[in-house]
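Take a look at the structure set out below.
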Amino acid sequence: EPEVTQTPSHQVTQMGQEVILRCVPISNHLYFYWYRQILGQKVEFLVSFYNNEISEKSEIFDDQFSVERPDGSNFTLKIRSTKLEDSAMYFCASSKQQGSGEKLFFGSGTQLSVL
Amino acid sequence: GQSLEQPSEVTAVEGAIVQINCTYQTSGFYGLSWYQQHDGGAPTFLSYNGLDGLEETGRFSSFLSRSDSYGYLLLQELQMKDSASYFCAVRDLGGGADGLTFGKGTHLIIQP
């Protein structure tokens, strides 16, 4: 079965540094998402992306965050100046369609640790 | 905004049936989804209810009552591999969000 792939699986960075998390969504999917999950907590929506632009973002997704689809396959999340509270598991997801019963396929995540 | 309430933890015995409830408050409503997440793993889609009633997929069923803002996930013939966290999630038309809002998750513990 096709899957969403994310790299790296773990990322350790110093506070204030920039990080880029990478994702390859499923090839025929049109909608892309980033979610994060702080250890032991719920999965939180960050941003959705469709037709090469952000379609929705949450309050978490402030000016320090950006997303990009630099080519036909990759989807990236950049955090410009990391903070301690950015430490979390970041999940990329994609879906074929949006609307009734849309099924999100999640990648296995990138564990970001900010020191 | 949206809020979802589900029990933090449920314990059941292998081979038994367990029900995980979810109540929600949204300014709009566009269906209730359920996802399973094993420790250290990614959420995986289990089920979706857009209309009232029961949806069955193998050992798993999900129910929705829109008038009660309530749904549940029913797991039958429990197996040890069902030990995981289960999240209900809504997509809220009123919020205009494309993204799903997840509940805090129910940790299901299966005992032999």
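Chain identifiers are assigned alphabetically (A, B, ...) following the order of the sequence lines, protein sequences preceding nucleic acid strands; residue numbering begins at 1 within each chain.
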Ring centres under 6.0 angstrom apart (A:F106, B:Y35): yes
Find out if a path of hydrophobic residues (ILVMFWY) with successive side-chain heavy-atom gaps under 4.5 Å connects B:L32 to B:F60. yes
Heavy-atom count around B:E77 CD within 6.0 Å, excluding the residue itself: above 12? no
Across all chains, not counting sequence neighbours, the side-chain contact (heavy atoms from CB on, under 4.5 Å) partners of B:E55 are B:S47, B:N49, B:S62
Taking everything shown except B:D68 itself, do over 12 heavy atoms lie less than 6.0 Å from its CG? yes
Can you tell me which portion of A:Q37 sits under 4.5 Å from chain B's heavy atoms? Options are side chain, backbone, both or neither. side chain
I'd like to know if A:V12 and A:I79 are part of one continuous hydrophobic network [Ile/Leu/Val/Met/Phe/Trp/Tyr, side-chain heavy atoms within less than 4.5 Å]. no
Of all heavy-atom pairs linking B:A42 and A:F91, the shortest is CA-CE2, 3.6 Å
Counting heavy atoms not belonging to A:E59, are there more than 12 under 6.0 Å from its CD? no
Quick one: NZ on A:K42 to CG on B:L4, what's the gap to the nearest 0.5 Å? 7.0 Å
Which residues satisfy the side-chain contact (heavy atoms from CB on, under 4.5 Å) test with A:T5, sequence neighbours excluded? A:E3, A:V24
Determine which pairs satisfy side-chain hydrogen bond (donor to acceptor under 3.5 Å, both in side chains) with at least one residue from residues 68-77 of chain A, sequence neighbours left out, and list them in order. A:D71-A:S73, A:D71-A:N74
Could you measure the distance from the OH atom of A:Y35 to the CG atom of B:L100? Nearest 0.5 Å is fine. 4.0 Å
Residues in residues 80-89 of chain B that sit under 4.5 Å from chain A, counting heavy atoms only: B:F87
More than 12 heavy atoms of other residues, nucleotides or ligands under 6.0 Å from CG of A:L39: is that the case? no
Within the 4.5 Å heavy-atom criterion, are B:F102 and A:Q41 side-chain neighbours or not? no
